[in-house]
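As structure tokens, the structure follows; a few thoughts come after it.
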Amino acid sequence: MVDVILGLQWGDEGKGKIVDFFAKDYKVVARFQGGPNAGHTLYVNDKKLVLHQIPSGIFHENTTNLIGNGVVLDAVTLKKEYDKVAAFGIDGRNHLYVAERTHLILPSHRALDKASELSKGNEKIGSTLKGIGPAYMDKTGRNGLRVGDLLDKNFTTQYIKLRMKHQRLLDSFGFNDDISEWEEEFFEAIEFMRSLKIVNGEYFINEKIREGKKVLAEGAQGSMLDVDFGTFPFVTSSNTISAGVCTGLGIAPQKIKEVIGVSKAYCTRVGSGPFPTELHDETGERLRKVGSEFGATTGRPRRCGWIDLVALNFACMVNGVTQIVMTKADVLDAFEELSVCTSYGIDGKQVKTVPYQMSKMPIDPHYEQFAGWQTDITNVRDNTNLPQPMKNYIEFINGYLGVDVSYISNGPERDQIIKA
Ligand code: GDP
Ligand code: IMO
Ligand code: MG
């Protein structure tokens, strides 16, 4: 069977840590969408490491890691990350597989991402500039190059053909940055990729499932960044929700069992777009400071606010979430009072549904207040030792969502997690 771990908010919920925590119980950990826009932070032997392309199961010796067909892959990032992981004594060659149908991000995709963002001015998405949108456009536009193409002797010819197409687009943007250095790096990384285990991902994973091996699908970004169900157009270019597991790995829906949704105890967003519970005041600043809310991929400060149960409820619905892992609960330790958004005021009406286009309508979040626990919980390892105000906070969330918080993460380290 296949279990899924994915983000329920706007990304950076702490998926990397949670996947690393659960990975020991799985034979395969597989990324099914997104690319190097992801930044998943793990702590291994007290050392911090951010993964962008390699699945977060890589530090478990008995776990195989697959980059699935639904991912867009930057070979340069992969090569750098592979070396970083090797510095931890992990030989990726034994543990890492790449699906041949995975689309490649070319240097010119990155240039196109930048050109597109520049052309949008104030309306820019705030993309990570990693070439994600243009690479997925070439996939659905049926132009893209895939990992399997690397093994074709005509790869360079195919590359040049697509590169020329991109140049015409770049010219139309009036964009003329020199990307020859990126291209040099790219071809070096392509050479490296040829030495990896390139497999037919769908047969690979279905064979594992048939053998009764447990598979964990690792989501990137968050449900509110899903290209269909997120706050369009301020979204990423892939299906981040659980449905993406089927198309991004080639597995049937009935194989999916647990859908583990990760949510912070509050909420953050990086990049542009609507965020109803965002705080532009000292409290928002305090959340950013205490939570060290700066992007793991771009270093940008994350926008911070209270937990939004309207959006979370929506995310639980579209994903079929069966349990929730609440992360960064410790960040709220010193807060005197906590707010929880339970409905949106839109056009004078209170609603509990996410509207069609959040970005086009003013949303006035309605909050319920809770007493903070004002206790340091970072050393708690057993739920019986959790402060009562925290139990009240979580119980309210469980009741509202109709899905229970099954684990509480109370610090960035591997062992800072409590079974609820
Ligand atoms: P991801 O993209 O969902 O994997 O999340 P990121 O790695 O981008 O951001 C999460 C950040 O929070 C990282 O710096 C983690 O080390 C950190 N983190 C994860 N869980 C916890 C937690 O329970 N408490 C605290 N204080 N930090 C956490
Ligand atoms: P992880 O996996 C947070 C955001 C960007 C931007 C929008 C589109 O670490 O949670 P893109 O580069 O995908 O075209 O950018 O999506 N974004 C993320 N925000 N966490 C992420 O990944 C993100 N990946 C993309 O900031 O607003
Ligand atoms: Mg992240």
Side-chain angles (χ1 to χ4, degrees), residues 5-21 31 33-44 47-53 55-56 71-72 74 105 109-110 112-114 116-117 124-137 218-227 230-238 240 261-275 287 289-303 325-333 376-378 380 407-418:
I5 291 182
L6 46 72
L8 296 180
Q9 298 168 311
W10 279 278
D12 302 328
E13 297 89 349
K15 298 174 292 293
K17 172 190 158 158
I18 302 307
V19 170
D20 173 59
F21 171 75
R31 277 275 306 267
Q33 48 69 233
N37 48 350
H40 295 179
T41 313
L42 318 183
Y43 278 81
V44 183
K47 275 205 207 119
K48 179 175 160 172
L49 180 81
V50 182
L51 294 173
H52 304 284
Q53 292 273 193
S56 304
V71 169
V72 284
D74 183 329
I105 299 177
H109 285 134
R110 284 167 61 194
L112 281 166
D113 200 355
K114 191 169 166 193
S116 164
E117 283 287 78
K124 70 172 185 187
I125 307 292
S127 102
T128 58
L129 302 178
K130 303 290 178 189
I132 306 298
Y136 277 116
M137 280 164 74
E218 172 181 6
Q221 290 77 58
S223 305
M224 299 307 285
L225 287 170
D226 182 278
V227 65
T231 46
F232 190 88
F234 301 100
V235 293
T236 189
S237 298
S238 64
T240 60
V262 186
S263 166
K264 282 178 188 170
Y266 50 100
C267 193
T268 65
R269 168 164 208 170
V270 64
S272 330
F275 178 4
L287 283 169
K289 201 159 166 239
V290 182
S292 309
E293 294 294 356
F294 296 90
T297 298
T298 59
R300 292 177 291 180
R302 294 177 184 145
R303 300 155 61 193
V325 177
M326 180 183 280
T327 55
K328 305 196 88 160
D330 54 296
V331 173
L332 301 182
D333 276 359
D376 178 356
I377 61 158
T378 53
V380 175
Y407 285 90
I408 300 150
S409 172
N410 57 340
E413 301 282 341
R414 257 182 174 172
D415 65 338
Q416 287 180 302
I417 190 156
I418 308 159

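One-based numbering along the sequence shown. Numbering of ligands and ligand atoms starts at 1, following listing order. Here the structure is a predicted model, which is why all the values come from computation and not from measurement.
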Handout entry: Non-hydrogen atoms of Gly16 and Leu42 that approach each other most closely
Key = O-CD2, 3.1 Å
Exercise for the section: Show which atoms of ligand 1 fall inside a sub-4.0 Å distance from at least one heavy-atom site of Tyr43. Expected result: 16 (O)
Handout entry: Distance from atom 10 (C) of ligand 1 to nearest protein heavy atom, with residue and atom
Key = Asp12 O, 3.8 Å
Practice task
Output the list of atoms in ligand 2 that are nearer than 4.0 Å to some heavy atom of Trp10, sorted by atom number.
Solution key: 3 (C), 19 (N)
Handout entry: From the candidates Thr128, Thr297, Val235, the one that places a heavy atom nearest atom 8 (C) of ligand 2
Key = Val235
Problem - Contact atoms of ligand 1, heavy-atom distance to Ser409 under 4.0 Å - result: 20 (N), 21 (C), 22 (C), 23 (O)
Completion exercise
The answer for which part of His40 has a heavy atom under 4.0 Å from ligand 2 is side chain
Fill in the blank from the handout: The protein N, O or S atoms lying under 2.8 Å from the Mg ion (ligand 3) are Asp12 OD1, Gly39 O
Problem - Test: Asp74 and Lys130 ion pair at under 4.0 Å - result: no
Problem - Close-contact set for ligand 2 against Ala220 heavy atoms, below 4.0 Å - result: 2 (O)
Practice task
Answer yes or no: is there a side-chain heavy-atom contact under 4.5 Å between Asn37 and Ser127?
Solution key: no
Exercise for the section: Identify, by atom number and element, the atoms of ligand 1 in contact range of Ala296, meaning under 4.0 Å from any of its heavy atoms. Expected result: 8 (O)
Handout entry: atom 14 (O) of ligand 2 - nearest protein heavy atom and its distance
Key = Ser127 CB, 3.5 Å
Exercise for the section: Check Asn410 against ligand 1 and report side chain, backbone, both or neither, counting heavy atoms closer than 4.0 Å. Expected result: backbone
Practice task
Just need the protein heavy atom nearest to atom 5 (C) of ligand 2, so name the residue and atom and give the distance.
Solution key: Gly126 O, 3.5 Å
Practice task
May I ask you to test the Glu413-Tyr43 pair for a side-chain heavy-atom distance under 4.5 Å?
Solution key: yes
Exercise for the section: Tell me which one of Thr236, Leu225, Asp12 gets a heavy atom nearest to atom 4 (C) of ligand 2. Expected result: Leu225
Completion exercise
Between the CG atom in Leu112 and the NZ atom in Lys114, the distance rounded to the nearest 0.5 Å is 12.0 Å
Practice task
Mind checking whether Arg302 contacts ligand 1 via backbone (N, CA, C, O), side chain (CB onward), both or neither, at a 4.0 Å heavy-atom cut-off?
Solution key: side chain
Problem - Proximity to ligand 2 by part of Lys15, non-hydrogen separation under 4.0 Å - result: side chain
Problem - Atoms in ligand 1 with a heavy atom of His40 nearer than 4.0 Å - result: 1 (P), 2 (O), 4 (O), 7 (O)
Exercise for the section: Compute the minimum heavy-atom distance from Gly39 to ligand 2 and say whether it is under 4.0 Å. Expected result: yes
Practice task
For atom 23 (C) of ligand 2, find the nearest protein heavy atom and state the residue, atom name and distance (0.1 Å precision).
Solution key: Gln221 CG, 3.6 Å
Exercise for the section: Give the numbers and elements of all ligand 2 atoms closer than 4.0 Å to a heavy atom of Ala38. Expected result: 1 (P), 2 (O), 9 (O), 22 (O)
Practice task
Go through ligand 1 atom by atom and flag the ones less than 4.0 Å from a non-hydrogen atom of Gly16.
Solution key: 4 (O)
Handout entry: Check: Arg31 side chain, Gln33 main-chain N or O, donor-acceptor pair, under 3.5 Å
Key = yes
Handout entry: Minimum side-chain heavy-atom gap Leu332-Asp330 below 4.5 Å
Key = no
Exercise for the section: Check each heavy atom of Lys17 against ligand 1 and say whether those closer than 4.0 Å belong to the side chain, the backbone, both or neither. Expected result: side chain
Handout entry: ligand 2 atoms in contact with Arg300 (distance to a heavy atom under 4.0 Å)
Key = 5 (C), 26 (O)
Problem - Heavy-atom nearest neighbour in the protein, as seen from atom 19 (N) of ligand 2, with distance rounded to 0.1 Å - result: Val270 CG1, 3.3 Å
